[in-house]
2 protein chains.
Amino acid sequence: MKKDIIFNVIKNSPNSLTAEEIYNDVSQDIDVNLSTVYRTLNNLVEKDLVTKVVRQDKIAYYELANSEPKHYLICDKCNNAYSTDMCDLDKIARKIKRETGFNITSHTLEFHGICPECLKNVK
Amino acid sequence: MKKDIIFNVIKNSPNSLTAEEIYNDVSQDIDVNLSTVYRTLNNLVEKDLVTKVVRQDKIAYYELANSEPKHYLICDKCNNAYSTDMCDLDKIARKIKRETGFNITSHTLEFHGICPECLKNVK
DNA sequence: GTGTACTCGCAAATGATTTGCGTATTTTTT
DNA sequence: AAAAAATACGCAAATCATTTGCGAGTACAC
């Protein structure tokens, strides 16, 4: 069924995707409705197979759950998102847990700025 | 003018506010339209007086610019947001800049989990 | 005083996402 | 395998935060 096809698109994508990107991709192979994509996506998120992250642009991005942490470098010029694992947040999370008693289960981190590509073009 | 009143609400609030919260607050004193609040907010953000952060709930939160970094502990039960500065992201940002050439200008960090209050009630 | 620039309110538009509902399609039960 | 129960899906309309067009009101400049 369509759920598998949608899930595969996410599984095979190196970066997180919007519902629309997923819809466009899936549409090339099968006939599907955008609302079905959204419904399926919510389903996959509920089942913890997919992670949904809302970024500053207010659009939800989906990616495989348990894939590496959701830390992005987002270029404010070209709007591309690069992910990075260059961050030791787990340590910080543990510290917060220890010192505040807040039971942290997930986190999102978004760096904004200008990517090297765009920096070149500015000059 | 109304811009000052709106700005003051933000200035005097210890935590970040939604447009609607600001609207409700301001409405107690003066007659104002919600679209004016939004327009003013965008204005203040443009002038770098106010910072806008979109959280995972897809709602924009506004706070005084240059106030401490935007790191939140958000409880998924009560939905309260606690801010924390217990994180050394500037160091990480510098490292990323150094190693990738990405020119980072800002960042947002959101921890999700259950706050100590709600943890108590669960049991 | 007349022009020019803001500031606002109001109603309508936007855009991502959700939902109601009727119809297929699959799965379970007998 | 047929009937019953549960899902999956398309379509159109609804949602909800936020934005925008437009016309009226207000302020400050020449």
Side-chain angles (χ1 to χ4, degrees), chain A residues 1-10 13 15-63 65 70 72 74 76 79-81 108 110, chain B residues 1-10 13 15-63 65 70 72 74 76 79-81 108 110:
Chain A
M1 64 203 48
K2 315 202 171 180
K3 183 188 290 191
D4 298 321
I5 300 180
I6 289 172
F7 186 46
N8 270 328
V9 169
I10 295 174
S13 168
N15 34 37
S16 45
L17 301 168
T18 65
E20 212 186 339
E21 287 169 337
I22 295 167
Y23 170 71
N24 287 334
D25 191 326
V26 171
S27 290
Q28 299 195 319
D29 299 332
I30 58 168
D31 205 12
V32 72
N33 190 282
L34 184 54
S35 66
T36 300
V37 172
Y38 276 110
R39 246 188 298 238
T40 304
L41 251 16
N42 285 338
N43 228 269
L44 292 169
V45 169
E46 259 176 41
K47 291 184 178 144
D48 279 323
L49 293 171
V50 164
T51 302
K52 169 184 178 181
V53 178
V54 173
R55 296 227 278 258
Q56 296 297 309
D57 57 11
K58 270 197 175 177
I59 293 175
Y61 290 77
Y62 301 85
E63 62 184 25
K70 290 143 280 306
Y72 303 103
I74 296 167
D76 291 330
N79 208 37
N80 271 130
T108 57
E110 210 172 298
Chain B
M1 61 205 51
K2 313 200 172 181
K3 182 189 292 192
D4 297 322
I5 301 179
I6 289 172
F7 186 46
N8 271 328
V9 170
I10 296 174
S13 168
N15 34 37
S16 45
L17 301 168
T18 65
E20 210 184 342
E21 286 168 339
I22 294 168
Y23 169 72
N24 287 335
D25 192 325
V26 171
S27 291
Q28 298 195 321
D29 299 332
I30 59 168
D31 204 12
V32 72
N33 190 282
L34 183 55
S35 64
T36 300
V37 172
Y38 276 110
R39 246 188 300 239
T40 304
L41 251 17
N42 284 338
N43 229 269
L44 292 169
V45 169
E46 260 177 39
K47 291 185 178 143
D48 279 323
L49 294 169
V50 163
T51 303
K52 169 185 180 181
V53 179
V54 174
R55 295 226 280 257
Q56 295 299 310
D57 57 11
K58 269 201 177 177
I59 293 175
Y61 290 78
Y62 301 86
E63 63 185 24
K70 290 143 280 303
Y72 304 104
I74 296 167
D76 292 330
N79 206 37
N80 271 130
T108 58
E110 209 172 297

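We name chains A, B, ... by the order of the sequence lines, and we start the count at 1 in each one.
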### Summary
Between A:L34 and A:A19 the two heavy atoms that sit nearest each other are CD1-O, 4.4 Å
### Summary
Scanning both residues in full, the closest heavy-atom pair of A:K52 with A:V45 reads CB-CG2, 4.0 Å
Please state how far atom [atom1] in [X] lies from atom [atom2] in [N], giving the value in whole angstrom units.
X	N	atom1	atom2	value
B:D31	D:dA24	CG	C1'	15 Å
B:K3	D:dA27	NZ	P	16 Å
A:I59	D:dT18	CD1	P	14 Å
A:M1	D:dG10	CE	P	13 Å
A:K58	D:dA17	NZ	P	9 Å
A:Y38	D:dT15	OH	C1'	13 Å
A:K2	D:dT7	NZ	C1'	13 Å
B:Q56	D:dA17	CD	P	17 Å

### Boundaries of the chain B footprint along DNA chain C (any atom under 4.0 Å from a heavy atom)
C:dT7 to C:dT17
### Query
For DNA chain D, whose closest nucleotide is more 5', that of B:R39 or that of A:N43?
A:N43
### Task
List in chain and number order the residues that pass side-chain contact (heavy atoms from CB on, under 4.5 Å) with A:K3, two or more places apart in sequence or in another chain; answer none if no residue qualifies.
A:M1, A:T40, A:N43, A:L44, A:K47
### Query
Of all residues at least two apart in sequence or in a different chain, which pass the side-chain contact (heavy atoms from CB on, under 4.5 Å) check with B:T18?
B:E20, B:E21, B:I59, B:Y61
Report the residues that fulfil side-chain hydrogen bond (donor to acceptor under 3.5 Å, both in side chains) with [X], sequence neighbours left out, ordered by chain and then residue number.
X	result
A:D29	none
B:S27	none
B:N15	B:S13

### Query
Within the modelled atom types, does a donor on one side and an acceptor on the other bring the side chain of A:S35 and the base of D:dC11 under 3.5 Å apart?
yes
### Task
Would you indicate, yes or no, if D:dT18 has its OP1 or OP2 atom less than 4.0 angstrom from a side-chain nitrogen or oxygen of B:N42?
no
### Message
D:dC11, OP1 or OP2 - any side-chain N/O from A:N33 closer than 4.0 Å?
### Response
yes
